[in-house]
Amino acid sequence: MIIRCATTNSGKLREFRQAGSNAGIVVEPVANLSIVEVPDETGETFEANASLKALHYAAFTPDWLFVDDSGLEVDALLGAPGVYSARYAGENATDAANNELLIERLQGHQDRTGRFVCVIALAHAGKLVTTFRGEVEGRIIDAPRGSNGFGYDPLFYYAPFGCTFGEASADRKITVSHRGQALARMFDYLLTTGQVRQ
């Protein structure tokens, strides 16, 4: 059975499909997503933004649909960039620009702790069903390392791996990442409640 997702982020779609494959579930984007108007992310939390996006895109498919809202929370920056992670350096900012700004704003801070957070909102028949949250703790380093992943992955050092998420393989990262956790919880919910079958 196919579960629809709503994202134009190629990195996220790759991880959605990988996690779905691991669970025996096919993940495909909402049809004609490129011509669907993008909703304003006006929520102040990941849960709020994921939920409003899920309700918006659920109108365009009769299938089960999920939407992810995720980002990086840095303790020394009082949780920033948080829900503004993708546009930290401005609207349509590149990953490189966001990373550069984060490094700049962390200069002089000894506390480099932070976490990736992902909230997935699941919708069906135009209604929000529930949300799933995943978090992973790490440390922000001074310069990007590794060309794998996307977003802030090259700056996010994960001690149990001894490397950044940018240096970790996709197969390894998905087993511990915030997005991997949230996806696993959603797929488990869908399978155990009988909403989908492998």
*Are Leu72 and Val117 close enough, and set up right, to give a side chain to side chain contact (heavy atoms under 4.5 Å, CB included), and what steps lead you there?*
CA-CA 6 Å; Leu72 178 68; Val117 178; over 6 Å; no
*Quick one: do Phe66 and Val27 satisfy side chain to side chain contact (heavy atoms under 4.5 Å, CB included)? Show the steps, please.*
CA-CA 10 Å; Phe66 71 90; Val27 176; 3.8 Å; yes
Would you give the length of the straight line joining atom [atom1] of [X] to atom [atom2] of [Y], rounded to the nearest 0.5 angstrom?
X: Asp69; Y: Thr45; atom1: CG; atom2: OG1; result: 8.0 Å
X: Leu122; Y: Leu190; atom1: CG; atom2: CG; result: 5.5 Å
X: Thr113; Y: Glu73; atom1: OG1; atom2: CD; result: 11.0 Å
X: Ser70; Y: Phe116; atom1: OG; atom2: CZ; result: 8.5 Å
X: Thr164; Y: Arg139; atom1: OG1; atom2: CZ; result: 11.0 Å
X: His124; Y: Lys127; atom1: NE2; atom2: NZ; result: 11.0 Å

Between the side chain of [X] and the main-chain N/O of [Y], is any donor-acceptor distance below 3.5 Å?
X: Glu15; Y: Lys12; answer: no
X: Asn32; Y: Ile35; answer: no
X: His56; Y: Glu37; answer: yes
X: Tyr158; Y: Ser177; answer: no
X: Lys53; Y: Asp68; answer: yes
X: Thr192; Y: Asp188; answer: yes
X: Asp63; Y: Ile3; answer: no
X: Asp142; Y: Ile103; answer: no
X: Gln181; Y: Val176; answer: yes
X: Ser51; Y: Ala48; answer: no

*For Glu167 and Asn148, run side chain to side chain contact (heavy atoms under 4.5 Å, CB included): C-alpha distance rounded to whole Å, both residues' side-chain angles, the deciding distance at 0.1 Å, then the answer.*
CA-CA 6 Å; Glu167 295 171 300; Asn148 296 332; 5.8 Å; no
*Decide yes or no for Leu13 and Pro29: does some side-chain heavy atom of the first lie under 4.5 Å from some side-chain heavy atom of the second?*
yes
*Heavy-atom check, side chain of Tyr152 versus side chain of Leu102, under 4.5 Å*: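 The answer is yes; the side chains approach within 4.5 Å.
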List the atom of [X], the atom of [Y], and the distance in Å for their closest heavy-atom pair.
X: Ala54; Y: Leu128; result: CB-CD1, 4.3 Å
X: Arg172; Y: Pro160; result: NH2-O, 4.4 Å
X: Val74; Y: Pro81; result: CG2-CD, 4.2 Å
X: Cys5; Y: Leu65; result: C-CD1, 4.1 Å
X: Asn98; Y: Ala93; result: OD1-CB, 3.5 Å
X: Ala23; Y: Leu191; result: O-CD1, 4.1 Å

Flag yes if [X] and [Y] sit in one hydrophobic cluster, no otherwise; membership is Ile, Leu, Val, Met, Phe, Trp, Tyr, and two members link when side-chain heavy atoms are under 4.5 Å apart.
X: Val83; Y: Leu52; result: no
X: Leu33; Y: Phe16; result: no
X: Trp64; Y: Tyr57; result: no
X: Phe150; Y: Leu155; result: no
X: Ile120; Y: Val136; result: no

*If we ignore angles and hydrogens, is there a donor and acceptor under 3.5 Å between the side chains of Gln18 and Asp171?*
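A pair is found: one side chain offers a donor N or O, the other an acceptor, under 3.5 Å apart.
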*So, Asp40 and Thr42: side-chain donor and acceptor under 3.5 Å apart, yes or no?*
no
If the threshold is 4.0 Å, N to carboxylate O, is there a salt bridge linking [X] and [Y]?
X: Arg112; Y: Asp75; result: no
X: Glu28; Y: Arg4; result: no
X: Asp153; Y: Lys173; result: yes
X: Glu135; Y: Arg133; result: yes

So is [X] actually on top of [Y]'s ring, under 6.0 Å and inside 45° of the axis?
X: Arg115; Y: Phe156; result: no
X: Arg185; Y: Phe132; result: no
X: Arg145; Y: Tyr157; result: no

*Above 12 or not: heavy atoms from other molecules or residues under 6.0 Å from OH of Tyr84?*
no
*For Glu100 and Tyr88, what are the C-alpha separation, side-chain angles and deciding distance, and is it a side chain to side chain contact (heavy atoms under 4.5 Å, CB included)?*
CA-CA 10 Å; Glu100 288 171 9; Tyr88 193 42; over 6 Å; no
